[in-house]
> 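What follows is a structure written as structure tokens; I'll ask about it next.
Computed from heavy atoms alone, side chains included, the values below leave out hydrogens, waters and symmetry copies.
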Amino acid sequence: MLSLKLPQLLQVHQVPRVFWEDGIMSGYRRPTSSALDCVLSSFQMTNETVNIWTHFLPTWFPELESPGLSKVLRTAAFAYPFLFDNLPLFYRLGLCWGRGRDCGQEALSTSHGYHLLCALLTGFLFTSHLPERLAPGHFDYIGHSHQLFHICAVLGTHFQLEAVLADMGSRRAWLAAQEPALGLVGTLVTLGLVVAGNLLIIAAFTASLLRAPGSCPLLHGGPPEGGTRAKHQ
């Protein structure tokens, strides 16, 4: 009978420092896990399980190549969409400033406010590492900032879509007068382009991982190259 053994979990001192999370003391997966171990770990309680199931977004290659670059890329991945999506809202808010309820179709809905609040909470949790910084080891599996960060991001996306639907409802006549409906063919073409773009991104990072050398010092506990130079100095 086929039996699968769940991967062993590690304490913080058992993994390379590059994988340490502030205030998280246990529940780490082995950095050299096989593909099967990675899949199995999705069904056991680790300090990443909630993150996997709320927002599955693997970014291994930047993390291994440059932890600092990975932090910048992950921050930019949220900061850029936030600015791109919300600059029109800030413009509308500026138009409505001081006009009270007499704002017409430029008025912001409640969903817009909730979306902005979730976005600000997401950024705060990402940078503050609260509450695990206040009580290291107590939030390793449930309740640490990375999990709350994912939950706020998902809620923010929900409220954003609700706000878009509200805007479309209030501007339906104006939108219909500006451009004809996209239609089924146009919708399918747009969807195909989005899917193709995402597949290209996945393929590019997968190819980078396949080209990477078999032994990586960060995976096996060795210090980064910059850290080695700093010690010699």
> On a heavy-atom basis, which atom in Cys152 and which in Leu125 lie closest, and how many Å separate them?
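The pair with the smallest heavy-atom distance is SG-CD1, 3.9 Å.
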
> With the 4.5 Å side-chain cut-off for hydrophobic clustering, are Leu121 and Ile151 part of the same group?
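Not linked; separate clusters.
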
> Between Val164 and Met168, is a side-chain contact (heavy atoms from CB on, under 4.5 Å) present by the stated rule, with each step listed?
CA-CA 6 Å; Val164 169; Met168 290 178 62; 4.0 Å; yes

> Compare all side-chain heavy atoms of Arg29 with those of Leu9 and state whether any distance is below 4.5 angstrom.
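Arg29 vs Leu9: side chains touch.
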
> Any heavy-atom pair between the side chains of Ile24 and Val12 that's under 4.5 Å?
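Contact flag for Val12/Ile24 side chains = no.
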
> So Asn86 and Leu89, do their side chains get closer than 4.5 Å, heavy atoms only?
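Yes - at least one pair of side-chain heavy atoms lies under 4.5 Å apart.
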
> Less than 3.5 Å apart, any donor N or O on the side chain of His112 or Asp167 sitting next to an acceptor on the other?
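Yes, Asp167 and His112 have a side-chain donor paired with an acceptor closer than 3.5 Å.
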
> Check whether any side-chain N or O of Gln147 sits under 3.5 Å from a backbone N or O of Tyr141 as a donor-acceptor pair, and report yes or no.
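At least one qualifying donor-acceptor pair exists.
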
> Taking all atoms of both residues into account, what is the closest heavy-atom pair of Leu148 and Pro131, and its distance?
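Taking every non-hydrogen atom into account, CD1-CD, 4.2 Å.
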
> Between atom OG of Ser128 and atom CZ of Phe149, what is the distance when rounded to the nearest 0.5 Å?
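Ser128 atom OG to Phe149 atom CZ measures 11.5 Å (nearest 0.5 Å).
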
> Do Phe124 and Leu120 sit in the same hydrophobic cluster, where Ile, Leu, Val, Met, Phe, Trp and Tyr count as joined when their side-chain heavy atoms come under 4.5 Å apart?
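No, no single cluster joins them.
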
> If we only count heavy atoms from C-beta on, is the Tyr28 to Glu21 side-chain gap below 4.5 Å?
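Yes, close enough: below the 4.5 Å cut-off.
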
> Should the heavy atoms of other residues, nucleotides or ligands under 6.0 Å from OH of Tyr114 be counted, would the total exceed 12?
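No, OH of Tyr114 has 12 or fewer neighbouring heavy atoms, counting only those of other groups under 6.0 Å.
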
> Where is the tightest heavy-atom contact between His129 and Ser145, given as atom of each residue plus distance?
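For His129 and Ser145, the tightest heavy-atom pair comes out as CA-OG, 3.4 Å.
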
> Rounded to the nearest 0.5 Å, what's the gap from CZ on Phe139 to CG on Leu134? Could you check?
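Taking CZ in Phe139 and CG in Leu134, the distance rounds to 8.0 Å.
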
> Measuring from Asp140:CG to Ser26:OG, what's the distance to the nearest 0.5 Å?
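One gets 3.5 Å once the value is rounded to the nearest 0.5 Å.
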
> Look up atom OG1 in Thr46 and atom CG in Leu10, then write down how far apart they are to the nearest 0.5 Å.
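Between Thr46 OG1 and Leu10 CG, I get 11.0 Å after rounding to 0.5 Å.
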
> Got a donor-acceptor contact below 3.5 angstrom from the Trp20 side chain to the Val15 backbone?
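Flag set: sc Trp20 to bb Val15 pair under 3.5 Å.
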
> Verify, without hydrogens or angle tests, whether His115 (side chain) and Gly156 (backbone) share a donor-acceptor contact under 3.5 angstrom.
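Such a contact is found between His115 side chain and Gly156 backbone.
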
> Just how far is it from atom CZ of Phe159 to atom CG of Leu116, taken to the nearest 0.5 Å?
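Here the interatomic distance stands at 12.0 Å.
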
> CZ of Phe43 to CG of Leu6: how many Å apart, nearest 0.5 Å?
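It is 10.5 Å, given to the nearest 0.5 Å.
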
> Of all the heavy-atom pairs spanning Gln11 and Met25, show the shortest one and how long it is.
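Scanning both residues, the minimum pair turns out to be OE1-O, 3.2 Å.
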
> Starting from Val194, can I reach Ile202 by hopping between I/L/V/M/F/W/Y residues whose side chains sit under 4.5 Å apart?
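Shared cluster, no.
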
> What's the shortest heavy-atom distance between Pro16 and Pro31, and which atoms?
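Minimum heavy-atom contact is CD-CG, 3.7 Å.
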
> With distance as the sole criterion, is a donor-acceptor pair present between the side chains of Thr49 and Gln44 under 3.5 Å?
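Their side chains do not contain a donor-acceptor pair, so the 3.5 Å distance test is not met.
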
> Could you walk me through whether His138 and Glu132 satisfy the side-chain contact (heavy atoms from CB on, under 4.5 Å) test, starting with their C-alpha distance in whole Å, then the side-chain angles of each, then the deciding distance to 0.1 Å, before giving a yes or no?
CA-CA 7 Å; His138 287 75; Glu132 64 269 16; over 6 Å; no

